[in-house]
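These notes are about the structure you will find just below.
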Amino acid sequence: MTAVSGEQAVSDSYDARALQDKWQARWAEENPFTASEDPSDPRPRSFIVDMFPYPSGDLHMGHAEAFAIGDVIARYRFGRGENVLHPIGWDSFGLPAENAAIKRDSHPAEWTYANIETQAESFKRYGIALDWSRRLHTSDPEYYRWNQWLFTRFFERGLAYRKDGRVNWCPNDQTVLANEQVVQGKCERCGAEVERRALNQWYFKITDYADRLLDDMRELEGKWPERVLLMQRNWIGRSQGADVHFAVEGRDEPVTVFTTRPDTLYGATFFVVAADAPLAEELCAPEQREAFEAYRVQVGRLTDIERQSTEREKTGVFLGRYAVNPVNGERIPVWAADYVLADYGHGAIMAVPAHDQRDLDFARTFDLPVRVVVETGEADPAESGTATAGEGTLVNSGPLDGLTKTDAIPRIVDVLAERGTGEGTVNYRLRDWLLSRQRFWGTPIPIIHCPGCGEVPVPDEDLPVRLPDNLRGADLAPKGVSPLAAAADWVNVDCPRCAGPAKRDTDTMDTFVDSSWYYLRYCSPDLDTAPFDAGQVGKWGPVDQYVGGVEHAILHLLYSRFFTKVLYDMGMVSFTEPFTRLLNQGQVINQGKAMSKSLGNGVDLGKEIDLYGVDAVRLTVVFAGPPEEDIDWADVSPAASLKFLNRAYRVMSQAAAASEPGTDPASGDLELRRATHRTLAKVTEAVEAQRFNVAIARIMELVTATRKAIETGPGAADPAVREAAEAVAVTLSLFAPYVAEEGWELLGHTGSVAVGNWRVPDPALLVQETVTCVVQVASKVRDKLEVSPDISAEELESLALASEKVRNSIGERQVRKVVVRQPKLVNIVVG
RNA sequence: GGGGCCGUAGCCCAGCAGGUAGAGGCACACGACUUAGGAUCGUGCCAGUGCGGGUUCGAAUCCCGUCGGCCCUACCA
């Protein structure tokens, strides 16, 4: 439409596609979001990282939300004039690429790098304020070389080692998995039921860091979501207790058990060994061999899920042997059972049925004795079937009799220690991180196995150990051993130590190794002498704000914390926690369910962008609710977002047409000026509190106020209107970058609106001349008074008592008390 | 079995260091402008905060219990 004579043409709506093309080109040319390395740059630095994507295809709704949210935070920092490092990279090793290569008879790199290009273009279109000069891909030899270098350092420090173990095996992906990658007995990636296999595998000794991983969480308190901290605490599972050594008849070495209740030692009436532990096999007496073998077969048939059902009846078998209680010399029978886990503690327990429900269930099933040793005042467990675990007084416990549970624990630990039959200890649920994988598309483990020298790390100067490029298609099919084993010319090498014939390790690393330190690489992505430049990391790190999904609450976040601590110990970084603050965005769902092909409820990001434009889609996902909550696409409306953006655009363009940039707002309409500055204050507050949806609501209010000022108030030429329109452009730049840039330019400014233009509200315009005071009688609102904000309590009280409405309301009743909270409330208590 | 989070208008959500239940949006209804409008503008409608107790002058906000939904964890000795 054409505006009235003398004014510039003002259109009703903007052309999203045109703005996107225009500003994308402008950003590509001017790079306004590139971090500065200039040491003399006085701006405070800030380091904002989004969890880097896996290149599975094009970006989807989930990325749209996560990156829109991360970008709000980054853009706010840009707006405040900080020197922001907001990089991007790709987590580009992993199984899907390999599976795609097998299917298409190609190389995983082809699929991977094509997808990366697609995603990179989408990120650009999506207007994320990224520093493209620091882009990295973990599947580049220039990157994974440093995985190998770090592995070698870990190996030298004894933090990377090989051992035999019964490991998790995914029959579908044909590879082992870390404990963290097994969710409810299933493969975290493909959902196949995980099996157990005895294999020799590489591990990182994360258990050495259990205490620090736990203790350092104190500094994350309040900065990370509480539930993530809780999940990590539970995962590490520290428990204080004691090791107790039980002599077992016919065995030279005693068998150690871990218990959190050493005070109940006198109540141990039997002894249980995990049925699947080698120890059970060893302890089994010849006459019980047959029964034991039968039981083992029976247990082996159960899946982990069946086995872990708490509803299940207890099962087990007597091994025909006796253990000796170190404190009273009592002989107690040794059983094997599957309720004792082979890989927790020592794989064996002392059973105290009176005070442990599981032991009691077992005792009742097999008619074993139950002896109360802590008198808690509750019913006898042998009768009630309920074990007692509360506070109480010790009985039937020899020298411990009469002590409380709390006093007995240290006492018995001392006694055990004196006699050398036990000691206080701490046990963890956390196990070492199994890092080898029998698949191709990952970082080769830089170890050479030499018949003479053993495990020899590949010398640093020979890194990277590149993946052979002659394997493709069917060569990569999973066969239970790494596809690399088939590449004879790759596998067979000379030992770096003795130069004799040797073989490369053919496993590749878990891709979580790649993501455990990538954020550090962003500080010096092209460095070819070290994984990262310690000086640069010292300037940028740690990451100020990390943004990503809660699905990594344990896996990636725990591993990254571990790596950071190891790097700290190596003197390579000066901090011990990688991510100062963490935000977990919710999921985008549709009609109450996760989007999926089978449900047919998927929402295509590209289509939404074509329909409504990038800004409207971004605004929609951020406005939908608090960032950590899920968004149901059925509840939101990008059409409404577009409507609002059009209004904002119109306001900016009308203001631009009616006044000149640089106009002094001081003479402008006071009411609108107040609204503008209140909005600036509230948007700032909301953004800092990460309530981005609220921040947008505040901008909406300002747009409405400005629109009304133009249409029915002082008119578009009023200086306050320009001030308001500029505030709209600046605040909107966090959420709708294209419209904001365009509006800013229309308003006569050059350079990106997003950089350095955030405004501080004028405090003089924030003070209120009068406030509404509510007068209550018996807590019910009876009158409202307009009063000065600095009215005194006495004055307000007499004003309130003088009100006719209030007097009528009090009537005959007596005033008992007057509560005054000046200037907003008076409550008159009557009786 | 253990632990956590969340229940506020028809819907999505604000408000929560206790003090007038509503900022914003969707939907709906009516009206204005219009040849028309699924455009624009205006007006309106709607809950007493899942339920029951407690603390308090005063509770959506704090505490206890309970119901419902979601998530995590699960024989960890």
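Lettering follows sequence order; numbering is per chain, from 1. Because only heavy atoms are used, hydrogens play no part in the values below, and waters and symmetry mates are left out as well, while side chains stay in.
Using a 4.0 Å heavy-atom cutoff across all strands shown, A:Ser239 reaches sugar-phosphate atoms only and no base atom. Across all strands, A:Leu825 comes closer than 4.0 Å to base atoms (heavy-atom distances). Note on A:Arg238: nothing from the nucleic acid sits closer than 4.0 angstrom, heavy atoms only. Heavy atoms of A:Gln776 sit under 4.0 angstrom from at least one base atom. Across all strands, A:Lys708 comes closer than 4.0 Å only to sugar-phosphate atoms, never to a base (heavy-atom distances). Heavy atoms of A:Val819 sit under 4.0 angstrom from at least one base atom. Among the atoms of the strands shown, only primed sugar atoms or phosphate atoms (P, OP1, OP2) are found under 4.0 Å from some heavy atom of A:Lys643. Nucleic acid contact for A:Phe623: base, since at least one base atom lies under 4.0 Å from a heavy atom of the residue.
For A:Arg691, a side-chain nitrogen or oxygen approaches OP1 or OP2 of B:G15 to under 4.0 Å. At the phosphate of B:G15, neither OP1 nor OP2 sits under 4.0 Å from any side-chain N or O atom of A:Arg698.
For the pair A:Asn584 (side chain) and A:Glu628 (backbone), a donor-acceptor distance under 3.5 Å is absent. Proximity of a side-chain donor or acceptor of A:Asp632 to a complementary backbone N or O of A:Gly592 within less than 3.5 Å is detected.
B:U40 and B:A32 make up a base pair, with Watson-Crick or G-U wobble contacts both under 3.5 Å. With a 3.5 Å ceiling on both atom-pair distances, B:A9 lacks any Watson-Crick or G-U wobble partner. If you check B:U49 for Watson-Crick or wobble pairing at under 3.5 angstrom, you find it has no partner at all. As the counterpart of B:A60, no nucleotide is assigned, since no Watson-Crick or G-U wobble pattern has both distances under 3.5 Å. Under the Watson-Crick and G-U wobble criteria, each requiring two contacts below 3.5 Å, nucleotide B:U20 is left unpaired. Checking B:G1 for Watson-Crick or G-U wobble geometry (two distances, each under 3.5 Å) identifies B:U73 as its partner.
Heavy-atom distances to RNA chain B give each of A:Lys817 and A:Met231 a nearest nucleotide, and the one nearer the 5′ end belongs to A:Lys817.
Below the 3.5 angstrom threshold, one finds no donor paired with an acceptor across the side chain of A:Asp635 and the base of B:C12.
Geometrically, A:Lys314 engages A:Tyr339 in a cation-pi contact defined by less than 6.0 Å to the ring centre and at most 45° from the axis.
Listed nucleotides B:A14, B:A77, B:C26 differ in distance to A:Asn693; the shortest reach to its side chain belongs to B:A14. Distance from the side chain of A:Phe258 is smallest for B:A77 among the nucleotides B:C13, B:A77, B:U20.
For the pair A:Pro225 and A:Leu582, the minimum side-chain heavy-atom distance is below 4.5 Å.
Between A:His556 and A:His552, the ring-plane angle classifies as perpendicular under the 30° and 60° cut-offs.
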